[in-house]
Amino acid sequence: QAFFFSEKLENISIPDDCRSIGWESFSACSLISVNIPRNVSFIDKLAFNRCYKLVSINVDSENRWYASIDGMLCDKKQETLIYYPAAGKKIINIPNTVKEINEYAFKHCTSLTSMLLPKSIAGIGDNAFTGCTNLTKIYINREEPPFIEKRTFYRTNGELVIYVPKGCKERYKNSETWRTLNIIEME
């Protein structure tokens, strides 16, 4: 919790010799952007928790463990979406390389209203969308339901609609964790 509740901290370039960013290191800061240097090999999933003004996370291209795509924090292979900034874009398309969305990845992203998940998405972590109160539409291009936890969509908008490929609604409704959600087939 190095900079916990640092309300005046808006931008930071983390020093090159930094190796890890721990639990809630920047929690509840007024950060707008963060630059991650090449030597950071560990970032805790809640390092930027409650940074409601955060728009982008930028990772040095020479970092061997992490990458950024349109301000999102991903693993280097861009297969796991680790964190999305709370004040990021309203509408996003998750890149086709992403297979997993980490737990808490979109926690409290109140600016987010709609998203498109690619065919490649295989799993979405626990509490991934907790507090996304303005998220009303998720389009999933995958015929088989991705694995989700019971609390993946905890405290989201009660009007959230999940759009799935034509002919796939029953597959989603037959899945224990998807059946309680409002699922509609795309035309």
Side-chain angles (χ1 to χ4, degrees), residues 1-2 4 20-29 31 34 36 40-57 59 63 65-89 92-142 144-158 160 162 164 172 175-183:
Q1 294 180 326
F4 184 76
S20 68
I21 302 171
W23 180 74
E24 293 198 332
S25 292
F26 296 97
S27 187
C29 289
L31 283 173
V34 176
I36 308 289
V40 172
S41 60
F42 174 77
I43 301 172
D44 186 84
K45 64 187 168 234
L46 293 174
F48 304 103
N49 187 31
R50 297 183 295 176
C51 289
Y52 300 122
K53 295 180 181 180
L54 188 59
V55 174
S56 67
I57 298 173
V59 179
N63 186 298
W65 300 276
Y66 297 100
S68 56
I69 307 171
D70 293 330
M72 296 180 252
L73 179 65
C74 297
D75 69 321
K76 187 63 175 183
K77 292 181 180 180
Q78 300 179 2
E79 293 178 349
T80 302
L81 193 156
I82 298 166
Y83 185 79
Y84 186 79
K89 297 175 185 174
I92 61 168
N93 293 333
I94 302 300
N96 290 329
T97 58
V98 175
K99 296 177 182 177
E100 304 285 333
I101 295 175
N102 263 14
E103 60 184 340
Y104 304 108
F106 291 90
K107 185 178 181 183
H108 300 302
C109 289
T110 55
S111 64
L112 187 62
T113 61
S114 177
M115 70 175 4
L116 173 65
L117 298 178
K119 289 180 184 179
S120 59
I121 203 77
I124 305 171
D126 200 29
N127 290 292
F129 295 99
T130 293
C132 292
T133 54
N134 292 310
L135 182 61
T136 58
K137 297 175 188 171
I138 297 179
Y139 297 87
I140 303 176
N141 280 329
R142 184 178 170 99
E144 291 298 320
F147 175 80
I148 63 170
E149 299 283 349
K150 288 183 180 181
R151 293 171 56 101
T152 295
F153 297 100
Y154 183 65
R155 291 190 177 167
T156 55
N157 186 323
L160 176 63
I162 310 291
V164 300
Y172 280 79
S175 172
E176 184 177 333
T177 50
W178 286 94
R179 71 174 48 137
T180 61
L181 299 168
N182 185 10
I183 297 172

Does [X], at its [atom1] atom, have more than 12 non-hydrogen atoms belonging to other residues, nucleotides or ligands within less than 6.0 Å?
X	atom1	result
K119	NZ	no
K107	NZ	yes
R155	CZ	no

So [Y] and [X], do their side chains get closer than 4.5 Å, heavy atoms only?
X	Y	result
I101	T80	no
T113	L135	no
I138	L117	yes
N141	P118	no
Y84	I57	no
I94	L81	yes
V55	P85	no
W178	I140	yes

Between [atom1] of [X] and [atom2] of [Y], what distance do you get to the nearest 0.5 Å?
X	Y	atom1	atom2	result
S120	R142	OG	CZ	8.0 Å
N134	S114	CG	OG	12.0 Å
W23	L46	CH2	CG	8.0 Å
Y83	Y104	OH	OH	13.0 Å
D75	Q78	CG	CD	8.0 Å
D70	I92	CG	CD1	9.0 Å

Checklist entry - By salt bridge (charged side-chain N to carboxylate O under 4.0 Å, His left out), which residues pair with K45, not counting sequence neighbours? => result E103

Say whether, by atom type as modelled, one donor and one acceptor occur between the side chain of [X] and the main chain of [Y] under 3.5 angstrom.
X	Y	value
S27	N49	yes
W65	I43	no
S68	V59	yes
N182	I162	no
N102	A105	no

Using every non-hydrogen atom in the two residues, find where [X] and [Y] come nearest and quote the distance to one decimal.
X	Y	result
C51	A86	O-CB, 3.5 Å
S111	G88	OG-O, 2.9 Å
Y52	H108	CE2-CB, 3.6 Å

For residues 122-132, dump all side-chain donor-acceptor pairs below 3.5 Å to protein atoms at least two apart in sequence or in another chain.
from, atom 1, to, atom 2, distance (Å)
N127, OD1, T130, OG1, 2.7
T130, OG1, N127, O, 3.3

Next on the checklist: Parallel, tilted or perpendicular, judged at 30° and 60°: which one describes the rings of F48 and F26?
Outcome noted: parallel

Next on the checklist: With side-chain contact (heavy atoms from CB on, under 4.5 Å) as the criterion, how do R179 and Y172 come out once you've worked through the C-alpha distance, each side chain's angles and the decisive distance to 0.1 Å?
Outcome noted: CA-CA 6 Å; R179 71 174 48 137; Y172 280 79; over 6 Å; no

Checklist entry - Can you check side-chain contact (heavy atoms from CB on, under 4.5 Å) on I69 and C74, steps first, answer last? => result CA-CA 7 Å; I69 307 171; C74 297; 3.7 Å; yes

Next on the checklist: Just to verify, what does F42 make a ring-ring contact (aromatic ring centres under 6.0 Å, His included) with, not counting sequence neighbours?
Outcome noted: none

